[in-house]
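This report refers to the structure that appears directly beneath it.
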There are 2 protein chains.
Amino acid sequence: MSIDKFDKEILRRLQKDGKKQNKDLADEIGLSQSPCSRRVKHLEDTNIIREYVALVEPAAVGFPISIYANVALDKQTKESVKHFEDAIMNYPEVMECYLVTGKYDYILRIVAQSIDSYQTFLMDKLTLIEGVKNIQTTITMKPVKYSTSIPL
Amino acid sequence: MSIDKFDKEILRRLQKDGKKQNKDLADEIGLSQSPCSRRVKHLEDTNIIREYVALVEPAAVGFPISIYANVALDKQTKESVKHFEDAIMNYPEVMECYLVTGKYDYILRIVAQSIDSYQTFLMDKLTLIEGVKNIQTTITMKPVKYSTSIPL
DNA sequence: ACTGAAATGGCGCGACC
DNA sequence: GGTCGCGCCATTTCAGT
């Protein structure tokens, strides 16, 4: 179940092109098709490859705004934390959420169609979650880099 | 060039499964195969679909640490900004980088194999970029949510 | 046991309506 | 936007080392 050299090469390439043909992949890493295919299948089955997705340009589909929100909770009890995280999971605008150290409890990246619609999200959803004490918003002005590739 | 109902349905599905077969996609949205395929191709050609990728579980390949770094520059001149952004583009550990408002200039999400290797990255790379004045690091303790799907 | 080779079935793709 | 047909690739099975 350890990741060897071949697996790393496979992952490196599939992270760049999720639709790369098995034939080409096999050629590139220097294996024939069936062992290559088996390795890919194994990486999928063990959830090392979580999923294959199409990445959509947010601005092109009407979501030009990305916002970071730092969220502090009243208390960090198991129930309080679970309630917050469950709520977050149901909000598709929340693209990322991490539990963090420091004076806030969570960092969220939220996408929105406009600053107004973010305001609405804030008022109607985020601030209404039980246990949320304080939210600090950071507006992004420009995306500089967005990568999904782990640097193997 | 406007995104209609069909295109939205296509994007919604390909964001969830980038390898969904055209045949199935066509069935689901209620079109036959070739118009469906033509639409997908158009979305690709206009870069509304940026790319297809495999998402890899970071912890499973030895990158369990995600860190947010807030970076302030000495000055925000065109040259200074360009120099920083160029440097960032060459660091594969930097998964995301946004230009932001507020007392810092950039927010970065960085992946690392350990806190130590992040320290090394900080010392040997980030702080050495010309024009970087100040960096504030926020360690993440747990990923709660990570989505790449724009909520169409 | 894991790799490499061959055959079969299905899908994507492009021409045309 | 739909229909049809060709070619290519994924998959599975089998033999070899």
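FYI, side chains are in, hydrogens and waters are out, and symmetry mates aren't considered; it's all heavy atoms of this structure. To find a chain, count down the sequence lines: A is the first, B the second, and so on, and within it residues start at 1. This one's a predicted model, so the numbers in the text were calculated from it and none came from an experiment.
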Kindly give the cluster partners of Val53(B), where membership spreads through any ILVMFWY side chain lying under 4.5 Å from a current member. Val53(A), Leu55(A), Leu55(B)
Just wondering, are more than 12 heavy atoms of other shown residues or ligands nearer than 6.0 Å to CD in Glu130(B)? no
For the side chain to side chain contact (heavy atoms under 4.5 Å, CB included) test, which of Ile139(A), Thr138(A), Val111(A), Ile110(A) pairs with Ser66(A)? Val111(A)
Do Ser147(A) and Val94(B) have side chains that get closer than 4.5 Å, going by heavy atoms? no
With five pairs defining each end axis, the helix from dA1(C)-dT17(D) to dC17(C)-dG1(D) comes out bent, to 10°, by 30°
If you draw a 6.0 Å radius around NZ in Lys16(A), do more than 12 non-hydrogen atoms from other residues or ligands fall strictly inside? no
Between dA10(D) and Ser37(A), is there an OP1 or OP2 to side-chain N/O distance shorter than 4.0 Å? no
Between Glu9(A) and Arg13(A), does any side-chain N to carboxylate O distance fall below 4.0 Å? yes
Could you check which residues of residues 18-35 of chain B get a heavy atom under 4.0 Å from DNA chain D? Sort them by number, please. Leu31(B), Ser32(B), Ser34(B), Pro35(B)
Between Tyr146(B) and Arg50(A), is there a side-chain heavy-atom distance shorter than 4.5 Å? yes
Beyond-backbone contact of Thr137(A) with Ile67(A), side-chain heavy atoms, under 4.5 angstrom: yes
Asp4(A) CG to dC2(C) C1', straight-line distance once rounded to whole Å: 12 Å
Determine: side-chain N/O of Arg39(B) to OP1/OP2 of dG1(D), distance under 4.0 Å, yes or no. yes
